[in-house]
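The structure under discussion appears below in the form of structure tokens.
As a basis for the values below, the full set of heavy atoms in this structure was taken, side chains included, without hydrogen atoms, waters or symmetry mates. Remember, predicted model here, so these are calculated numbers, not experimental data. Per chain, numbering begins at 1; letters A, B, ... match sequence-line order.
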There are 2 protein chains.
Amino acid sequence: MEMLVRRGFLWQSFEIYGGMAGFIDYAPLGNNLRRKIENIWREFFVINERSVEIDTPLIGIEEVFIASGHATSFVDIAIECEKCGRVYRADHYIKEKLNLEVEASMNAIKEVLQTYDLKCECGGKFREPFYMNLMFSTKIGAGKGKSAYLRPETAQGIFVAFKRLATYFREKLPFGVAQIGRAFRNEISPRQGVIRLREFNQAELEFFVHPREKKHPNFHEVANDELTLVDKFEKTHRISLAKAVEKGIIANEVLAYFIGKTRRFLLKIGIKDEKLRFRQHKDDERAHYASDCWDAEALTSFGWIEIVGIADRGNYDLSRHSKFSGEDLSVFVPYPKPVVIKKKKPVPKMNVLGPVFKERAKKIAEALERAEVSSDFIELEIDGERIRLSSEFFEVKEVEEEVTGERVIPHVIEPSFGLDRISYAVLEHCYDKDIVEGEERRVLRLKRWVAPIEVAVLPLLSREPFTTKALEIFSMLKRNGFYADYDDSGSIGRRYRRYDEIGTPFCITVDHQTFEDGTVTIRDRDTTGQVRVLISDLPRILRELFSTERSIEDFGEKFR
Amino acid sequence: MEMLVRRGFLWQSFEIYGGMAGFIDYAPLGNNLRRKIENIWREFFVINERSVEIDTPLIGIEEVFIASGHATSFVDIAIECEKCGRVYRADHYIKEKLNLEVEASMNAIKEVLQTYDLKCECGGKFREPFYMNLMFSTKIGAGKGKSAYLRPETAQGIFVAFKRLATYFREKLPFGVAQIGRAFRNEISPRQGVIRLREFNQAELEFFVHPREKKHPNFHEVANDELTLVDKFEKTHRISLAKAVEKGIIANEVLAYFIGKTRRFLLKIGIKDEKLRFRQHKDDERAHYASDCWDAEALTSFGWIEIVGIADRGNYDLSRHSKFSGEDLSVFVPYPKPVVIKKKKPVPKMNVLGPVFKERAKKIAEALERAEVSSDFIELEIDGERIRLSSEFFEVKEVEEEVTGERVIPHVIEPSFGLDRISYAVLEHCYDKDIVEGEERRVLRLKRWVAPIEVAVLPLLSREPFTTKALEIFSMLKRNGFYADYDDSGSIGRRYRRYDEIGTPFCITVDHQTFEDGTVTIRDRDTTGQVRVLISDLPRILRELFSTERSIEDFGEKFR
């Protein structure tokens, strides 16, 4: 963390005003890292899926969160000191002070408080524990205003817009809708820095599927990937995804597909496979909306932390929003071929109805034709009066009806990414030390495509003509869209170390030979090797290096 | 707007719950458009400036906005009906009902209300007008919580982090810090759809300069650009930036540079020069922090609307945050060479002081040495007592002192972009109708680099083998990172029209010849012309087309 603050990855927000727990600034390097991770996520989960991305408001009117259940279920249990007024999250405080894992239910918490006579850090007694809703609340408009909340997840914006989205996709399942952006959780007393934020960044994909067809057309691409699974009985498997589905460890192919794709994405951005596992939620651990859920967990200095959740949310959200808004949120799924079904239909016997019901006979006959046959009598409601007709009043005929499809409320599989924790885990997994020229070197072995500064241009000596030439190359690379940097202060060795520490994969050095033959050296961060190349070839070579894992030695003669 | 909703650019947020004024959803196409505009903004204002980008919280603790002045000055005047309780923004309601432009001051509003006996739409009388703060407020943490607001501009996050940022840049002016993200403004009763949002997207650059050196090293790049300026006396000029600075119409070179760069950016993304002007704020119109301000205005169906504000904020923000936080927010600016200054210094005459002041003489002598000489006597404060020493008690000697530089609080020039209005103006400026094959065609002539769907892959006929081949090409283009689409429903002509309407610059068509020689056609949206190219050349050709304005005819033989 010291390095991350000092070198400009992450800063404490509002530092000059004493800071505020649960908020961080993405400093210049951290911002670039996270933005690049977001763009790679887009490639994986938007461009290369049948997906689109939308961007909906961060403020949501209360109707949304009453329907989603967050207004009632998105709570933690808090305890407040009678004496000093400090408030703690009950289960965290119990874990910290008593080293007890307690279930986050009111009964369990109360029992622990009574059994152990737990006191506040100031020595004071606690009042009765209470529920605290974790959404930030606000008001829209003047006067009393309309109640609203800052969204606790980006997902709800997608569910609320589902009717429009289904039309956009012409109601053809499966389709995915993604959203990348801020979400908020008013944590009671967060203490874990970047790991427990009140304002955080999510990338979520809601992948809508037919409830009876939880298959993905591209499953074969990841089916043979082997990975570490910890199932809900805490059993660990090293197993391929195909086998995990076959054995029923993972409930369905869509979940398995997104577990596989999530792993490939995480490896691509620099998470280490040996520090990555997928853990299934236990039956009592799942959120109120999930029917099965797997967390991607990364091993960091905070222990195993959840960085992605992949949940089968069933039709919970769409059903709830449909119920609360009164809108139909189903889609029409045509059958491959229209199906002809046989149906029993009542046909009124007018010659029996007429004499009995007189002038009401016609109305009754019409109602009969719309009625269903289920037993040997039919009950109708005519002008508020219930009439029971025995089988003497109608015949039952079998008719054929063509049905072209059915309306279904899609199920949704949701891979939900915590971008802050992911960025942090990438930094930890890539941080390394080695020995270069007899000295310890700190080096951030970031993948090329997530490096915040892509290339540094350095004059060998900080004087003319080296500096002007280096500045020219610097400008040229920026015009070509590279995140370039220029530095002429200190010895060249010290400058290389600085860029090693922030993960810059390549340094370009202007030296004496530059003025003889128009070449510069490219230095590789990981090997510290250098090759000489023509200045005019730099954009092409760098573009190639940043889209592959090729070695610089493919592009020029080894130098020194 | 009808097209934008129907085709998936912008949707009303929370539509199934009746909607909420001031909030919009970026639907799939609108999202891509805005994201692309953001990325081009980054190229212009981050990568190719001496700038970095950061990302700070949307929630700000109240200290920030007390210092910035928003807690007191970010207000509108509201009027509330006694009868129905509706609340209006006073100046907007007066404009709407009386067609009067009224200054937004309490006195002016009160006078109009008294003079015209203005009533509510329901017929009710208004109560006394009152100030309403336009920030959304919330609380952080449990219990009463800490007061906080949703940021009204991204800029404050930059000023609050200034100390860290100055260190990051090793205190070398000028430097820029950018931020792209959400900002909030709790409008009293917004009625103008996408033009007046309660939650909106900003891209802001804070460019910190030496207060006495408001010059930009790259001014020469835009100095000869001619543009339309409307000065604060409402005089219109068509003039180059160099001349505008020379004549004093624009206050300084940095402002002029960013006006020029803003214009180039806007033209690049598709704003039309003839519908763009830069208007200077009048003296009574500027925000509380600005010393000069120019708005970029675009002509749309809403009239001329502000889409960018370019303000000289002076040192207002840094001074205020320095004062309220107690932190020094100046930077040390070394002089090119150390300066030797001559200074007059008092030297105590102990032989005169001693007899008069006895045991206090030593203390007085020490204080004298630290005092400044300004006239022929010196006043000192010794242990709370003021002592006036005439010149008999000291000599004045001239000494030399070396000064290496000075501490200054930088000034800031701020180009602030409203991304929602910009995206909307781009859509209006690019919307066009023409006649193709005798029929009217609606076509969105978006620049290639902002098109939401870059390329559509279409089978000539919606059956095998055309569909499978088209799907293969579709996947291949997505793997190459293109925002591609696939469509096989309806006649080919109808499909071309659909993509014309959403601004897709190129359609790829798989036809009979594809199966003979591995070629497809590329169709240009604007000319409707087509050329034949090899499938295997598509990624290279498309990459070239998307980074230039070259014609498709450069890449293949004209077809038909």
Side-chain angles (χ1 to χ4, degrees), chain A residues 8 11 13-17 20 22-23 25-28 31-32 34 43 47-48 52-61 63-64 78 80 85 87 132 136-143 146 150 157 160-161 163-164 168 170 182 184 186 188-189 198-199 321 325 327 478-479 481-483 489, chain B residues 8 11 13-17 20 22-23 25-28 31-32 34 43 47-48 52-61 63-64 78 80 85 87 132 136-143 146 150 157 160-161 163-164 168 170 182 184 186 188-189 198-199 321 325 327 478-479 481-483 489:
Chain A
W11 294 330
S13 300
F14 321 117
E15 198 177 7
I16 62 171
Y17 291 108
M20 183 76 206
F23 294 90
D25 286 358
Y26 278 85
N31 176 74
N32 286 7
R34 204 195 79 220
E43 267 174 46
I47 298 181
N48 281 289
V52 294
E53 182 186 347
I54 68 172
D55 192 14
T56 69
L58 278 56
I59 296 178
I61 55 176
E63 286 88 334
V64 173
E80 186 186 359
V87 182
M132 176 176 149
F136 285 97
S137 72
T138 192
K139 301 276 180 188
I140 303 170
K146 172 154 185 71
L150 299 188
V160 168
K163 211 177 160 71
R164 289 277 181 196
Y168 183 87
R170 300 178 204 165
R182 288 290 214 286
F184 302 85
N186 196 5
I188 296 172
S189 48
R198 284 168 157 153
E199 182 174 334
H321 284 299
S325 69
E327 291 280 346
K478 293 201 292 185
R479 277 197 310 277
F482 290 104
Y483 282 88
S489 69
Chain B
W11 294 330
S13 299
F14 321 118
E15 199 176 6
I16 60 172
Y17 291 107
M20 183 75 207
F23 295 90
D25 286 356
Y26 279 85
N31 176 74
N32 286 7
R34 204 196 79 221
E43 267 174 45
I47 298 180
N48 281 290
V52 294
E53 182 186 349
I54 67 172
D55 191 14
T56 68
L58 277 57
I59 296 178
I61 55 176
E63 285 88 334
V64 173
E80 187 187 358
V87 182
M132 176 176 149
F136 285 97
S137 73
T138 191
K139 301 276 181 188
I140 303 169
K146 174 156 184 67
L150 299 188
V160 169
K163 211 177 161 70
R164 289 278 181 194
Y168 183 87
R170 300 179 204 165
R182 288 289 215 288
F184 302 85
N186 195 5
I188 296 172
S189 49
R198 285 169 158 152
E199 182 174 335
H321 284 298
S325 69
E327 292 279 346
K478 294 202 292 183
R479 275 198 310 277
F482 292 104
Y483 281 88
S489 67

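Put simply, of Phe482(A), Trp11(A), Phe184(A), the one with the most heavy-atom pairs under 4.5 Å next to chain B is Trp11(A). Your options are Ile61(B), Val87(B), Val52(B), and the one with the most heavy-atom pairs under 4.5 Å with chain A is Ile61(B). Your options are Ile59(A), Asn48(A), Asn32(A), and the one with the most heavy-atom pairs under 4.5 Å with chain B is Ile59(A). Residue with the most contacts toward chain A among Glu15(B), Arg164(B), Lys146(B): Arg164(B) (heavy-atom pairs, distance under 4.5 Å). Ranked by heavy-atom pairs shorter than 4.5 Å toward chain B, the options Lys163(A), Arg170(A), Glu63(A) are led by Arg170(A). Of the listed residues Ser489(B), Ser13(B), Ser325(B), Ala78(B), the one with more heavy-atom pairs under 4.5 angstrom with chain A than any other is Ser325(B).
Arg182(B) and Leu58(A) make their closest contact through NH2-CD1, 3.4 Å (heavy atoms, listed as atom of the first residue, atom of the second, distance). A pairwise comparison of heavy atoms in Tyr17(A) and His321(B) identifies OH-ND1, 2.7 Å as the closest pair. The shortest non-hydrogen separation linking Ala142(A) to Met132(B) is CB-SD, 3.4 Å. The two residues Gly60(B) and Phe14(A) have their closest heavy-atom pair at CA-CZ, 3.7 Å. When all heavy atoms of Arg198(B) and Gly141(A) are compared, the closest pair comes out as NH2-CA, 3.6 Å. Scanning both residues, Ile47(A) and Gly481(B), for their nearest heavy atoms gives CD1-O, 4.0 Å.
Both the backbone and the side chain of Phe136(A) come within contact range of chain B, each with at least one heavy atom under 4.5 Å from a heavy atom of that chain. Both the backbone and the side chain of Thr138(B) come within less than 4.5 Å of a heavy atom of chain A.
Applying the side-chain contact (heavy atoms from CB on, under 4.5 Å) rule to Asn31(A) yields the partners Tyr26(A), Arg35(A), Glu53(B), Asp55(B); only residues at least two apart in sequence or on another chain are considered.
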Exercise. Determine, step by step, whether Leu150(A) and Leu150(B) satisfy the side-chain contact (heavy atoms from CB on, under 4.5 Å) criterion, reporting the C-alpha distance in whole Å, the side-chain angles of both residues, the deciding distance to 0.1 Å, and the verdict.
Key: CA-CA 10 Å; Leu150(A) 299 188; Leu150(B) 299 188; 3.8 Å; yes
